[in-house]
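Heavy atoms only: backbone and side chains are in, while hydrogens, waters and symmetry mates are out. Please read these numbers as outputs of a predicted model, since none were measured by experiment. In what follows, chains are A, B, ... by sequence order, proteins preceding strands, each numbered from 1.
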Number of protein chains: 2
Amino acid sequence: MLLAREDAIIQSVNRLLAEKGFDAMTVDEVAADVGIAKASLYKHFPSKEDLAAAAMVSVMRQAQAFLDALAAESSAVDKLRSVVAWTMGLKLAGEMPSLPSQNSSLRATLMGNKDYVNGLMDVSDRLGAWIELAQSQGVLNPKLPPVAVLYTLYARACDPVLEFLQVGQLYTNDEIIALVLTTCFEGLESR
Amino acid sequence: MLLAREDAIIQSVNRLLAEKGFDAMTVDEVAADVGIAKASLYKHFPSKEDLAAAAMVSVMRQAQAFLDALAAESSAVDKLRSVVAWTMGLKLAGEMPSLPSQNSSLRATLMGNKDYVNGLMDVSDRLGAWIELAQSQGVLNPKLPPVAVLYTLYARACDPVLEFLQVGQLYTNDEIIALVLTTCFEGLESR
DNA sequence: GTCTATAGGAGGATAGAC
DNA sequence: GTCTATCCTCCTATAGAC
C-alpha cells in the first residue's frame with residue numbers, strides 16, 4: 001500500500017517535472033495530482049528536492065532495466081543508438097523529468113542520494129565501455145574523448161531540438177527520433 | 001546617460017541570466033549588481049520578463065553584427081561553423097543568457113517584443129539560406145530538413161555538453177569548441 | 001498517515017517623498 | 001529617476017487534531 005502510493009506520487013512528479021520543469025512545478029500541484037493533501041506528501045518525502053530525486057531514481061532504474069534487456073543485441077554502437085532512441089522517446093512522451101543544472105540545493109540532494117549516484121555511475125560505466133569498444137572497432141571516431149561522447153549522448157535527453165520539432169507538427173515522434181539520431185551519429189555534413 | 005545606464009543594466013542581466021538562469025535570478029540581485037535601487041530598475045524596465053527580453057535583444061544584435069562581418073568569407077558551411085563557434089564562445093564566457101523554454105509569461109513577453117522577433121527572423125532567414133545553399137552543394141546532408149539543421153545549430157547555444165566539459169577542467173575553451181564543432185558537423189561516427 | 005490551517009520567507013512590484 | 005519602505009502573492013514546509 002505504502003509503496004503503491006509512493007509509486008503514484010513519483011509518477012505524478014515525473015510527469016509534472018517533464019511538463020513544467022522543477023522550478024515551475026509546485027508541491028501543491030503534485031498533491032492535487034496524486035489526490036492527497038500536501039502535508040501527507042511531506043510524510044513520504046521530506047522536501048521538494050527529494051521528490052525530484054525520487055523521480056530521477058525511478059528513471060535511472062528504468063534505464064538500467066533497458067540496458068539489461070539490451071545485453072544480447074548486436075554491436076556496441078547499435079546499443080548506444082538504442083539507448084539514445086529510448087531516451088528521446090521518453091522525452092517526447094513527456095516522461096523525462098527536466099531539472100535545472102544550476103540549482104545548487106537540488107544538486108546537493110541528488111548527489112546525496114546513493115540510489116541516484118550509484119545508478120548514474122553504473123549507467124555511465126556501461127555506456128562508457130560500449131563507447132570505447134566502438135572506438136576501438138573504428139566505428140565511433142577514436143579521436144573524440146570518450147567522456148565527450150558520453151556527455152553528447154546524455155544531452156539528447158534534454159535536447160530542445162526534440163520539442164521544437166514536436167511543436168512544429170511536421171513530423172511524427174518516430175521521425176523526429178530518426179532525424180536526431182542521424183544528426184547525432186552521422187553529423188550534419190554529407191557522407 | 002540614460003542609454004549608458006540601461007546598457008549597464010542589460011550587461012548585468014546578461015551575466016546573471018547566463019550564470020543562474022531566469023528563475024534563479026532575482027530583481028534584487030540585478031539592482032545590487034548595477035548599484036541602484038530596485039524601484040529605479042522598474043523605471044527603466046516594467047518587469048523581470050522585460051529585463052530578460054532586453055538581454056536577448058542585445059545578444060540578437062550582436063549576432064546580427066557577427067553575421068554582417070561574415071559576409072565576405074568563404075563557403076556557406078564555413079559561415080555556419082563560424083556562427084556556431086561564436087555562439088559557443090559566448091556561452092563558455094558566461095555571456096549567453098539561458099531562458100527556460102517552458103515559462104509562458106516569459107515567452108509572451110519575448111514574442112511581444114518586436115526587436116527580438118524581427119532579429120530572430122532575420123538571423124533565421126540568413127542561416128536558413130546558408131543551410132539550403134550548403135545542402136544544394138552537397139556539403140550538408142540534403143536529406144535533413146533545413147529546419148532541423150537550423151534548430152540543431154541553435155541548440156549549441158544551450159548545450160549542457162559545453163558546461164560539463166568546462167567543469168571537467170581537462171580542456172580549454174577553444175578545445176571544447178573544436179570538439180563540439182566536430183561532433184555537431186561530422187557526427188560521432190568515424191568518417 | 002491523513003487532514004485543515006497556518007507559519008515563515010522569498011521575491012516581484014509599487015507608493016510616495018525628494 | 002533615485003531612494004526607502006512596504007505591499008502582496010505565491011510557495012515550501014510544519015503544527016496539531018483525528
Grab the [atom1]-[atom2] distance between [X] and [N] for me, whole Å please.
X: A/E29; N: D/dC10; atom1: CD; atom2: P; value: 13 Å
X: A/F22; N: D/dC11; atom1: CZ; atom2: P; value: 13 Å
X: A/D23; N: D/dC11; atom1: CG; atom2: P; value: 12 Å
X: B/R5; N: D/dG1; atom1: CZ; atom2: P; value: 10 Å
X: A/K43; N: C/dC3; atom1: NZ; atom2: P; value: 12 Å
X: B/E6; N: D/dT2; atom1: CD; atom2: C1'; value: 14 Å
X: A/K38; N: D/dC11; atom1: NZ; atom2: P; value: 9 Å
X: A/M25; N: D/dA13; atom1: CE; atom2: P; value: 10 Å

Presence of A/Y42 side-chain N/O under 4.0 Å of D/dA13 phosphate oxygens OP1/OP2: yes

Output yes when at least one side-chain N/O atom of A/S40 is less than 4.0 Å from OP1 or OP2 of C/dC3, else no. yes

Under the criterion side chain to side chain contact (heavy atoms under 4.5 Å, CB included), which of A/L51, A/V30, A/T26 is the partner of A/L16? A/V30

Classify the side-chain pair B/E189/A/N141 by whether it contains a donor and acceptor separated by less than 3.5 Å. no

Which listed nucleotide ([options]) is nearest to the side chain of [X]?
X: B/A37; options: D/dC3, C/dG12, D/dG1; result: D/dC3
X: A/A39; options: C/dC3, C/dA13, C/dG11; result: C/dC3
X: A/E49; options: C/dA13, D/dA13, C/dG11; result: D/dA13
X: B/H44; options: C/dG11, D/dG1, C/dA13; result: D/dG1

May I ask you to decide if the ring planes of A/F66 and A/W86 are parallel, tilted or perpendicular, using 30° and 60° as cut-offs? parallel

Any residue meeting side chain to side chain contact (heavy atoms under 4.5 Å, CB included) with A/S136, in chain and number order, not counting sequence neighbours: A/L133

Counting C-beta onward and ignoring hydrogens, is there a side-chain heavy-atom pair between A/E29 and A/K20 closer than 4.5 Å? yes

